[in-house]
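In the text below, chain A, chain B and the rest are named by the order of the sequence lines, each starting its count at 1.
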Amino acid sequence: MADVILSKVLKTYNNPEVVAVNEVSFSVDHGELFGLIGPDGAGKTSLFRILTTLLVPEGGSATVNGFDVVKDYKQIRERVGYMPGKFSLYQDLTVKENLEFFATVFNTSIEANYDLIEDIYVQIEPFKNRRAGNLSGGMKQKLALCCALIHRPKVLFLDEPTTGVDTVSRKEFWHMLKRLKLQGITILVSTPYMDEAMLCERIALIQNGRILSINTPENIIADYPGQLYAIRSDKMSKLLKDLRAIENVSSCHAFGDFHHIKLHENHQVAQLNLVQMLNHLGHTDLELQPTSPTIEDCFIHLMH
Amino acid sequence: MSREVVIKTDRLTKKFGDFVATNEITFEVYKGEIFGFLGANGAGKTTAIKILCGLATPSYGNATIAGFDVYTQTEGIKKNIGYMSQKFSLYEDLTVLENIHFFGGIYGLRKKVLKEKSEKLIETLGLQKEANKLVGALPLGWKQKLAFSVAILHEPKIVFLDEPTGGVDPVTRRQFWDLIYDASDRGITVFVTTHYMDEAEYCDRITMMVDGLIKALDTPLKLKERYGSASMDEVFYELARGAKRSAD
């Protein structure tokens, strides 16, 4: 059963040129960990605001946990947890006061739902009397997650929870999400980090208000057309320029310690020719090998 | 091999009360180098960058930036560096051209030079159609490329980039690095922070800060060898997971 269903959802802003959400349709199953992956300005936040009834769509329809986002906004607000991209708790209330406040607003208590937040809350409990405004970034993030969970929501919306967070804290956060998923909560999470896509069950790649692709990360990768190669030499920035000027190279992008390239002609001789050509251009220690695409390769391909 | 040193710090330290934000950091950065300044949240990167840009005074220790002292010659530092971050880029309610003229003017570029430079810049970035549009109407990726180009319009010795590519799409992110390489080829030193570990690979050398200290400083290749890691992501994880501090 689907917990979130969108059908041709449309949202534009004052300036009619800006179509934030362009007839977007997809659905998220009950208990699924679903990722919305795309850069800033792709429409992720607008979509989240529509689904949490904070914005009214101009066209199309959407339901959350079976309720319509326009007609049934009151029921939806009782059933969803929302962690906005910008820290939105009360900075001048303490950790405990914030949590109590959100529990009370939803007619419940911290005790009633403590089992759900325990894992996360114990990490910030030593600071429970500290004002939220004085917490570190990682602690704020954990408190915000607790506050979004305290009324035991059916669906959890997390808007870029890991943006600007270092790689260690990002890994911890995804572990927390996996454990929450085991509790049967449907989770919709957005991120600009393509590597996090692999941690979701299904993902939608989104750009300029349009969905580029929806599938499991594995299937999105399997759908990547053609053979991708990884190449490196002793002069990586020159290699990038040289590759772009070679006719047989159809695409070329830097990917960490290798460049990822596609060739018009893939056969052995063409590969040897490429290596020879680069040798002539002064490259040494050349390595050329087939590689499997990452989600970022797929995103770049779909953008064109 | 003797290379020109453009940033030199010696036991550079900044304390806030009992809290040692930056703890005796010592390093050198060379002319034209792409220097990656990495660290966990709260490691002390922002404090260090503020000192290096002449915006904060150290508690003790020494540093010279483009030959200027961080205690006594902060105005000299400011004239010889460029700066851009993800947050502060340009004036959204000025046009592309107005922004270029405004920042160029602040750095004292003459009218004639400024006119030539802005024409060339707009051509290089392919912004001919957008030259008279408000910056606020540009997509984020274009804003960031423009902000970088404006930050080096006065040909500074060093440019500081604080998470310049956060949230930018994967293609624009790579175009941005093309601009970084070009600047470095022209002899501008690039001092850059990032949360994208693939970008760490594009740097000539990397420092890793943990809890106010420099835990590692080397080329990406040597760091990977030393920690037996396949990627910079693993190196970062190895070094940062023992961190006690965390902050914004």
Could you look at B/R174 and say if it's the side chain, the backbone, both or neither that has a heavy atom under 4.5 Å from chain A? side chain

Salt bridge or not between B/E199 and B/R173? Use side-chain N to carboxylate O under 4.0 Å. yes

Do B/K145 and B/T172 make a side-chain contact, defined as non-hydrogen atoms from C-beta onward lying under 4.5 Å apart? yes

Counting heavy atoms not belonging to B/K222, are there more than 12 under 6.0 Å from its NZ? no

Region of B/P170 that comes under 4.5 Å of a non-hydrogen atom in chain A: both

For chain B, which of A/R170, A/H253, A/K171 has the most heavy-atom pairs under 4.5 Å? A/K171

Most heavy-atom pairs under 4.5 Å with chain A, out of B/V168, B/L140, B/D178, B/D185, belong to B/D178

Output the residues of residues 209-223 of chain A for which the shortest heavy-atom distance to chain B is under 4.5 Å, in residue-number order; output 'none' if no such residue exists. none

Considering only heavy atoms from C-beta outward, does the side chain of B/L217 approach that of B/I206 to under 4.5 Å? no

Indicate whether the side chain of A/D285 and that of A/S233 have a donor and an acceptor atom separated by less than 3.5 Å. no

Taking side chain as everything from C-beta outward and backbone as N, CA, C, O, which of these in A/T163 sits under 4.5 Å from a heavy atom of chain B? Side chain, backbone, both or neither. neither

Ion pair present between B/R226 and B/D218, side-chain N to carboxylate O less than 4.0 angstrom? yes

Segment of A/F255 engaging chain B (4.5 angstrom heavy-atom cut-off): both

Before accepting this row, confirm whether a basic side-chain N of the pair B/K224/A/D257 lies closer than 4.0 Å to the acidic partner's carboxylate O. yes

Okay, A/M303 and chain B: the region with an atom under 4.5 Å from a heavy atom over there is side chain

Contacting region of B/Y237 [heavy-atom separation from chain A under 4.5 Å]: both

Under 4.5 Å from a heavy atom of chain B, the part of A/Q207 involved: side chain

Relative to chain A, which of B/D198, B/D169, B/L221 shows the most heavy atom pairs under 4.5 Å? B/D169

Salt bridge flag under 4.0 Å for residues B/K133 and B/E98: no

side-chain contact (heavy atoms from CB on, under 4.5 Å), that's the test. Do A/V249 and A/K262 meet it? Break it down for me. CA-CA 6 Å; A/V249 177; A/K262 283 179 83 174; over 6 Å; no

A/K142/A/D119 ion pair, N-O < 4.0 Å: no

B/D162 with B/K50: basic N within carboxylate O range, under 4.0 Å: no

